[in-house]
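This report concerns only the one structure given below.
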Amino acid sequence: MFIKRLQILFFTVTLLALIILGYNWYKNYQFNTNPLSKEIMQRIHQKELMLKQKAKEYYSINTSIPILISNKMPSRLFGVATTNGKKIAVYLNKKRFQESVDYMIDNVLPHEYAHAIMFKLGFLTNKNGGHTIKWQQICINLGGIKCDRFVNHEDILINKIPGY
Ligand SMILES: [Zn+2]
């Protein structure tokens with residue numbers, strides 16, 4: 001009788017684990033194969049409008065900077081700002097949205113947008129990974145949160161074509 005109960009318990013636990021595993025796999029699969037949800041895209045758009053407004057207010061910049069969602073970026077990167085001298089763009093790493101949507105929109109996006117504004121204003125410096133005092137001021141003016149100058153990552157690409 002006791003053995004039987006143990007068997008049932010073991011079976012239940014195994015089944016439960018399999019269900020959880022399957023559910024997680026399914027969730028990851030869904031996330032990886034679909035674009036970001038409408039709700040998230042809407043939030044990015046709202047933030048973009050705010051950033052554009054600030055760029056106009058502080059720097060008289062009227063043009064749009066494209067914000068692109070990529071799933072081909074290296075996992076270590078949250079976002080990147082690029083320029084080839086003419087075109088300027090901000091890339092956000094889709095994979096990172098799975099962890100925290102808030103962080104990507106409130107911290108990463110204004111941080112990268114500030115790099116893009118630097119490019120727009122003609123500051124094409126790679127010094128300190130582009131995290132100059134001027135950049136920091138722009139980041140703060142844009143309402144950014146992640147405007148720390150002492151970051152140990154490279155998140156700007158100048159005159160290099162991103163592979164994503
Ligand atoms: Zn940066």
Side-chain angles (χ1 to χ4, degrees), residues 24-25 27-164:
N24 278 336
W25 177 84
K27 231 173 57 182
N28 276 329
Y29 177 80
Q30 282 285 76
F31 183 84
N32 292 336
T33 51
N34 288 315
L36 289 177
S37 70
K38 266 189 193 150
E39 193 195 329
I40 296 175
M41 291 308 290
Q42 189 57 38
R43 283 187 59 192
I44 294 170
H45 184 62
Q46 287 301 321
K47 194 69 172 183
E48 183 186 2
L49 291 180
M50 187 221 97
L51 291 167
K52 271 177 76 171
Q53 181 56 41
K54 299 273 184 194
K56 192 176 168 185
E57 190 182 323
Y58 285 94
Y59 306 104
S60 308
I61 293 172
N62 279 308
T63 48
S64 290
I65 295 163
I67 296 168
L68 309 159
I69 312 298
S70 169
N71 59 3
K72 296 191 182 79
M73 291 172 73
S75 298
R76 67 188 160 81
L77 290 172
F78 289 87
V80 156
T82 67
T83 181
N84 61 3
K86 270 184 174 177
K87 285 183 188 162
I88 296 168
V90 165
Y91 287 83
L92 294 176
N93 194 345
K94 187 189 155 199
K95 295 170 207 160
R96 292 288 191 166
F97 276 91
Q98 202 168 9
E99 301 154 36
S100 174
V101 174
D102 289 344
Y103 184 76
M104 288 301 286
I105 294 175
D106 298 331
N107 297 45
V108 178
L109 181 51
H111 177 115
E112 300 307 333
Y113 210 88
H115 282 304
I117 298 290
M118 281 284 280
F119 298 154
K120 238 356 173 207
L121 296 174
F123 296 103
L124 297 175
T125 175
N126 225 331
K127 204 175 155 199
N128 195 28
H131 304 105
T132 58
I133 290 171
K134 176 83 185 164
W135 164 82
Q136 185 175 46
Q137 194 55 55
I138 296 171
C139 186
I140 292 165
N141 286 343
L142 292 178
I145 300 168
K146 197 173 169 264
C147 302
D148 187 355
R149 288 192 54 220
F150 303 98
V151 286
N152 59 356
H153 61 259
E154 293 280 323
D155 64 335
I156 54 170
L157 284 175
I158 300 169
N159 292 328
K160 268 187 258 172
I161 311 284
Y164 25 88

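Atoms within a ligand are numbered from 1 in the order they appear, just like the ligands themselves.
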Do you know which two heavy atoms are closest between His115 and His131, and how far apart they sit?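 That closest heavy-atom pairing would be NE2-NE2, 3.1 Å.
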
Can you tell me if an N/O/S atom from Glu112 lies under 2.8 Å from the Zn ion (ligand 1)?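 Given the 2.8 Å cut-off, Glu112 does not count as a ligand of the Zn ion (ligand 1).
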
Taking the Zn ion (ligand 1) as the vertex, what is the angle from NE2 of His131 to NE2 of His115, given to 10 degrees?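 Value returned, to the nearest 10°, is 100°.
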
With carbon and hydrogen excluded and only N/O/S kept, which atom of His111 is nearest the Zn ion (ligand 1)?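 Of the nitrogen, oxygen and sulfur atoms in His111, the Zn ion (ligand 1) lies nearest to NE2.
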
Give the intermediate values and the outcome of side chain to side chain donor-acceptor pair (under 3.5 Å) for residues Ser64 and Lys52. CA-CA 7 Å; Ser64 290; Lys52 271 177 76 171; 2.9 Å; yes

Cation-pi check, Lys94 to Phe31: give yes when NZ or CZ is under 6.0 Å from the six-membered ring centre and within 45° of the ring axis, no otherwise.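 Because its charged atom sits under 6.0 Å from the ring centre and within 45° of the axis, Lys94 does stack over Phe31.
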
Given the rule in the salt bridge (Lys or Arg N to Asp or Glu O under 4.0 Å) test, do Arg43 and Asp102 qualify, once you have shown the distances and angles that lead to the verdict? CA-CA 9 Å; Arg43 283 187 59 192; Asp102 289 344; 2.8 Å; yes

